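The next block holds one structure in the form of structure tokens; read it before the comments.
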Amino acid sequence: MKKFRCGDVVPGCTRAFHGTEADVLTQVAGHARADHGLPDVPAELVGRVLAAMVDA
Ligand SMILES: [Zn+2]
């Protein structure tokens, strides 16, 4: 299981996500679309999300 805090990539955001790496990426994509106005998560951002994920 992994944990990702959106605030590690988007300063000020307090959302956090838990699950498998794929689960977290799916949740982050939905959150980015709904709350950050990003219809698509660019590969560069996926890389930053993966880099910021920690074991949970
Ligand atoms: Zn966020």
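Quantities reported herein were computed from a predicted structural model and do not represent experimental measurements. These values consider heavy atoms only, across backbone and side chains, with no hydrogens, waters or symmetry-generated copies. As the structure lists them, so they are numbered: ligands from 1, and atoms in each ligand from 1.
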- Message: If you apply the rule side-chain contact (heavy atoms from CB on, under 4.5 Å), what do you find for Val28 with Val46, and how did you get there?
- Response: CA-CA 9 Å; Val28 168; Val46 171; over 6 Å; no
- Are Lys2 and Asp55 within salt-bridge range, i.e. N to O under 4.0 Å? yes
- Taking the side chain as every heavy atom from C-beta outward, state whether Val24 and Glu21 have any pair of such atoms under 4.5 Å apart. no
- Query: With Arg33, which residues qualify under side-chain hydrogen bond (donor to acceptor under 3.5 Å, both in side chains), at least two apart?
  - Reply: none
- Query: By residue and atom, what protein N/O/S atoms are less than 2.8 Å from the Zn ion (ligand 1)?
  - Reply: Cys6 SG, Cys13 SG, His31 NE2, His36 NE2
- Note on the structure: Here the gap from Leu45 atom CG to Arg48 atom CZ, rounded to the nearest 0.5 Å, amounts to 6.0 Å
- Query: Aromatic rings Phe17 and Phe4: how do their planes relate, parallel, tilted or perpendicular, breaks at 30° and 60°?
  - Reply: parallel
